[in-house]
Every structure is written in structure tokens, then in C-alpha cells.
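FYI, side chains are in, hydrogens and waters are out, and symmetry mates aren't considered; it's all heavy atoms of this structure. Protein chains get the first letters and strands the later ones, always in sequence-line order, with residue 1 at the start of each.
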Protein chains: 2
Amino acid sequence: MVTIKDVAAHAGVAFKTVSRVVNNDPTVKPVNRNKVLASIAALDYRPNRAAQMTRRKKSGVIGFIADELLRVPYTFDLIRGAQDLAWKNNKELMVLNVNVDKYSIEGAINHLLGHRAEGIIYAAMYHREVELPQQLTPIPTVLANCFDASGRFASIVPDEKEAAREITAKMLNKGYRRIAFLNLNENIIAGQQRKAGAEQAFAEHKGKDCELHIESVIIDDGANERSVTRLRAAELIQSFKPDAILCGQDPMAVEVYFVVQSLGLKVGEDIGIGSFDDWDIIPTLLKPELTTMALPHYDMGQWAINYLLNERTDLVSQTAKFNLINRDSF
Amino acid sequence: MVTIKDVAAHAGVAFKTVSRVVNNDPTVKPVNRNKVLASIAALDYRPNRAAQMTRRKKSGVIGFIADELLRVPYTFDLIRGAQDLAWKNNKELMVLNVNVDKYSIEGAINHLLGHRAEGIIYAAMYHREVELPQQLTPIPTVLANCFDASGRFASIVPDEKEAAREITAKMLNKGYRRIAFLNLNENIIAGQQRKAGAEQAFAEHKGKDCELHIESVIIDDGANERSVTRLRAAELIQSFKPDAILCGQDPMAVEVYFVVQSLGLKVGEDIGIGSFDDWDIIPTLLKPELTTMALPHYDMGQWAINYLLNERTDLVSQTAKFNLINRDSF
DNA sequence: CTGAAAGCGCTTACAG
DNA sequence: CTGAAAGCGCTTACAG
């Protein structure tokens, strides 16, 4: 590989001058700068990043530990948000997938420590509490889509409650009066907080004759989860007679669309449907297209890396707002 | 940060001895090895990767250029397959997303060149031909899910034709006689080859009264594509009267399920449905669950990195077999 | 089995 | 404005 010395010899200057040109040192005389630039181009020279890092004693590496991420498609936006900004700031985002079967968090941290990572983003697949090894402490760390029990780290999580309040309020404002909210499992944070948000919207709404029915249709029988969405949607349409159904996540909306159609009803006409997540192509695959609250993963990824780039150390608990994606289902 | 010299001082040996222990040199006397190991643990020492790379003149980096990848969820398996093996072989997989708007291929290659990448995997979002800049040539490169026009690179792509032949043959063997294949756009390779595969299955099948109808339901009107799947599925069920429908990809199957239900028919009873891709959660979200040919992305990722790890240079054009995921839709 | 020297490709700190 | 020296944290090559 061509080195700084090869370029220097080719250009007829000291190799230190080449270094100056490479690092945009303005003190280089234009004549020399041009000679060097020409030689760099001629030899196709590129500074060796590893050597730069060694000498500078700065790695330029930011670690991204993705805990069980990427089993859900849109979570990749967390990485994308971080990566875009890392790139702009000349940092290397080193992404490590971690999961119970294969790679331990400890392994990932060791790896990043070996690379002298300047910061770490730890991201979870779904909004939850995490417990991180003590080992992390030497490196500035920020959590995305999760928060820690011990309060050692800054974190950003989606504002579940506000999202549910917003979409429920929107339904009420459109004139829907009887809303059935087929919620996620209420053991998880999204389930709990969205319930509270929907209730708040009803409490704030002045209209009368409004009724809210909330129930969890993701059943957690020990090891795995199963959905009773189809069953309960069908039953509720007969009994509770909702004019709108709010679904805990877009895949549930698919199930509800099938039920609605099977009962001879039309989404968006006989019954409104709303949802959460903006899950991959699902919302636009459905007809009418699904109005849903998009998770702010991209924003959270950006916020997290900005926190590190700005060398913040305050222990904020930040929330990120969902984006209402207005389509045609209610 | 603690360095090799700190460890040496703490252990009372030359720093070269620490280096030997770190690199598992068997010639170190057990007494000294243990002293060093104890000091490493006490000081929480970890070799500086950048310094190692600099001195060894090996980066240990393999680049993964993801062209517009990750807009389709399962394509992440390409990365996962490569990453798992990279990890095992102590290589760093440096993943770079490339897309028209933001990051150029040239930018990605420059980046990798600066890191002295030892090899590059170039992966496309969907099976297609690509044209790569001349710049790539100095580094061993292999293509995944795509192939190049010039024949400069080894590549691995999914065996589309065999996949279509297999699932069509399976339908025929189960007794289905009139199969409507709602194909992808036939401008793309998957569309072309799957058509050929379905036709081959019919040609090979001995049964009589069999009929195959193939048509593309993804219309390409200039800039964007639109699906006429619902429309054509409904019309064909009336006119061609298929007893089975094969869909070009799982999202199309969702559309067909809606059509089938709207006509008062039952998937798996009145009409069989098969598909391609194994797209995220779609196949199990449908009821009955969808039988589909899973794209071999994970395998292709593994094959590609193995090609590089084994320092192969032969210009193979490898194909990877889809996996038939047997569920209940036909 | 161990260590002192040289060197990887750069940047830092200093001299001129 | 430019260069020669020293040094980053390691490994290589060699001597003992």
C-alpha cells in the first residue's frame, strides 16, 4: 500500500508536508499543496485510518449495541438515524447485534473497549427497562428505546402515552364515539402507557355518549405470546358495537381488516381503524391504507448519537414524539 | 488508557512478554503467563486494536456495501449471515449503506480503502445486475444478490427458477390443476426466471387437464410501480377459475387473501395459495398461514464472506436454493 | 524462554 | 511556511 512517504518522495517534499495537506493545514504554500495533491491523486493515496487512530489516540468509533433488534423491521431506523449523523461527523458507527443465544452484551462491550470506542448507544428492540453490566461505565453510554433501572444512563424512549392520546383524540374529533382499543399486552410499557393515553383523550374530550373499551388481545401464556385479535374483534363488533377500533400495532390491524371484511363491513366507512408503529409496508398494503402513529426510531437514533457527539453527561430521560401518518382508515 | 507497558510494569516483566501472552504465544513460562494474566485482569487491560492493525499491516476489516438494502426487512439476513461468520473469524464487518440520495458507492469504497479493508461484499436489495466502479478492483470483491455485467466478480444469487419449479411442482403433486401465477414485473430477473420455473414444472408434470396462467400484476408505469393484484385476482377467479394461486411475493398474498375472502371462498379449502420470500411476519399473520419459498439471504451472506475468508479468486456464478416453508395455505 | 531494538504509518511538539 | 525528531501502542525480527 502506498504510504505518506511514497507521496512525499513523489512530490519532492517532506512527508510531514503531506500530512499537513491531508489534514487541511492552511499553512502549506499553495505550490506545495498542489504538488502534493497531484501526487496523492497519481498514486491513489489514502491515509491509513488505523495509523491515524493510533497516533491520535482517538478511535473515532461509536459503538451501537442492538439488543435483539432487527427482528422487527422498522427498528433498523434507529441505526439509520445514528449512522447518518455519525457519518457526517466522521465517526465510525460499529454496530453489534446482541442476543441471548449467540452474542453476549459483555462480548460486545469487550469488543468496543478493544476498539477504544468513544461512546456507546445501547438500543432495545421494544420499549423496555434494561439492566446493563457494570463494565459499561468507563465509556459514555446512552440508551435508545429503553431505560435502565439504576438510573446510571441518559435515555430516550417513545412517548407512548402522548401517541395514544393524540390518535384517540383525533378519532373523537372526527366524530367517532365508541372506540375499542385492542391493546398490546399490558405487561409491557407500550401497553400500559398507551392505555393511559387513550383514557386521557376520553377524559379531555367534552363530547357525551362516548365510550372507550380497552382490552389486551396479546395473551402471554408463559413462553410465547399469541394473538386473540381476530376472535375478540369479531365478538366486540357484535357486542360493544364500536364505530372505531384502535389497534396496538399494525399487524393487528391486518387481522382486524380481515374480520371487518368477513362481517360484510367496510373499513373507513362502517368502522374506522387506527393503529401504531407504521410497520414496514403493512399500512400501505391494506386498503384503505392505514392511518397509524409511526414510531420515532430514526429521531431516537439521531438524538442518541447527538448526545454522545456533544459529550453530554446529564442524566436526562428524554421522550420522542410519534408521527401521525394520515391515511384513509378513519 | 492502560497500555501493554503498564501491564508489564505491574507484572514485573518486559512488555514483549505481555505481548506474547496476549497473542497466545506458547513459549511463555507458566509462572510469567500467570503473572501477566493477573495483571491484565487487575488493570482491565485490552489490546488496542488500532495499534495492532497498524503494526500488523492487516486491518481485519471486511466491508459490506448494502445497496438500497434494508428497505426490505428480510434483506438484513444477508448482513446477519456475513456478520456471524466474520465475528467467528475475528474480522470486523464494516457495513455501509449506499443509496442514490445520500451515499455514493464511490464514497463507500473510499471509506473502506482508508480502512484498508481486506475484502468487500457488495449486496443489492433485490436480485439484479449491477455495474460497479473500476475503483473496486484493488480489493477482493464478491457480489451477493446481484451480479455484474462485466464479469469481473464472483457472485451468488437466489435460484429463482428452481424455486418456482419446486413450489409449482408441489402444487401439482398435491392435485392442483389450474394454477394462476400472479407474477412480479417481468422486467426484473426474479419475474423472468420464476416464470420459466413454473413453466418447467408444468412441462415435467405428467398429469393432464393442467393449465397454467401467468401474468404480471406489478405494473411499472414510469417512475413508480403499482399493484393490480386485487383487481386481477378477482377477475381471474371468475374467468380462469384457478384452484390455486401462486403469488410473486408475500405482500401480494395478503392482497389475494382479501380477495378470496371477499368472494366468500376459503384459502386452503376452496383455493390454494403459495408465494415467495417469507417476508417478515406476513406469512404467519395470515390465516391459514402462508406456504412460501424463503429467500436464502442468510446463506448468501455466509457464502459471500466465506469466499473472501478463503481468499478465493475464481469467478464463480453461484446460486443459492430457496427454502420451502411449509404452512397451511395449500 | 525472554528482552532490547527497530519499525508499522501516521501525528505531535518543537526548531528554524 | 517546512522539516527532523520523537512518539502512539503495538508486533516483527533478532539476539541471547
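A close approach under 4.0 Å does not occur between any side-chain nitrogen or oxygen of Lys5(A) and OP1 or OP2 of dG9(C). When the side-chain nitrogen and oxygen atoms of Ser19(B) are compared with OP1 and OP2 of dT11(D), one or more of them lie within a distance under 4.0 Å. Regarding contacts with the backbone of dT11(C), a side-chain N or O of Gln52(A) is found under 4.0 angstrom from either OP1 or OP2.
The CG atom of Leu85(B) sits 4.5 Å away from the CD atom of Gln302(B) when rounded to the nearest 0.5 Å.
Thr27(A) comes within contact range of at least one nucleobase, with a heavy-atom separation under 4.0 Å. Across all strands, Thr17(B) comes closer than 4.0 Å only to sugar-phosphate atoms, never to a base (heavy-atom distances). Note on Arg116(B): only backbone sugar-phosphate atoms sit closer than 4.0 angstrom, heavy atoms only; bases stay farther off. Looking at heavy-atom distances under 4.0 Å, Val28(B) makes contact with sugar-phosphate atoms alone, never a base. As judged by a 4.0 angstrom heavy-atom cut-off over every strand, Ala51(B) is placed among the base-contacting residues.
In this entry dA4(D) has no Watson-Crick or G-U wobble partner, no candidate having both defining distances under 3.5 Å. dA13(C) makes up no base pair with any nucleotide shown, lacking Watson-Crick or G-U wobble contacts both under 3.5 Å.
Atom NZ of Lys57(B) and atom P of dA13(D) are 11 Å apart (whole Å). In this structure, CG of Asn23(A) is placed 17 Å from P of dG9(C), rounded to the nearest angstrom. In this structure, the CZ atom of Arg49(B) is 14 Å from the C1' atom of dT11(D), given to the nearest Å. A straight line from CE of Met53(B) to P of dT12(D) spans 14 Å, rounded to a whole angstrom. Between the NZ atom of Lys58(B) and the P atom of dG9(D) there is a distance of 24 Å, given to the nearest Å. Taking atom CD1 on Ile4(A) and atom C1' on dG7(C), their separation rounds to 16 Å, with Å as the unit.
The base of dG7(D) sits with one of its N or O atoms less than 3.5 Å from a complementary donor or acceptor on the side chain of Arg55(A). Looking at Arg20(A), its side chain comes within 3.5 Å of the base of dG3(D) through a donor and an acceptor atom.
Ile281(B) has its side chain within reach of Trp279(A): a pair of non-hydrogen atoms, C-beta onward, lies under 4.5 Å apart.
No side-chain donor-acceptor contact under 3.5 Å links Tyr45(B) and Asp6(B).
Closest approach to the Lys16(A) side chain among dC10(C), dG3(C), dT12(C) is made by dT12(C) (side chain taken as heavy atoms from C-beta onward).
When all heavy atoms of His127(A) and Phe147(A) are compared, the pair lying nearest together is NE2-CE2, 4.1 Å.
Salt-bridge formation is not detected for the pair Asp25(B)/Lys16(B): no Lys NZ or Arg NE/NH1/NH2 atom is positioned less than 4.0 Å from an Asp or Glu carboxylate oxygen.
Place Lys29(B) and Asn48(A) on DNA chain C by their nearest nucleotides, and Lys29(B) ends up nearer the 5' end. Two residues, Phe15(B) and Arg56(A), neighbour DNA chain C, and the one matched to the more 5' nucleotide by heavy-atom proximity is Phe15(B).
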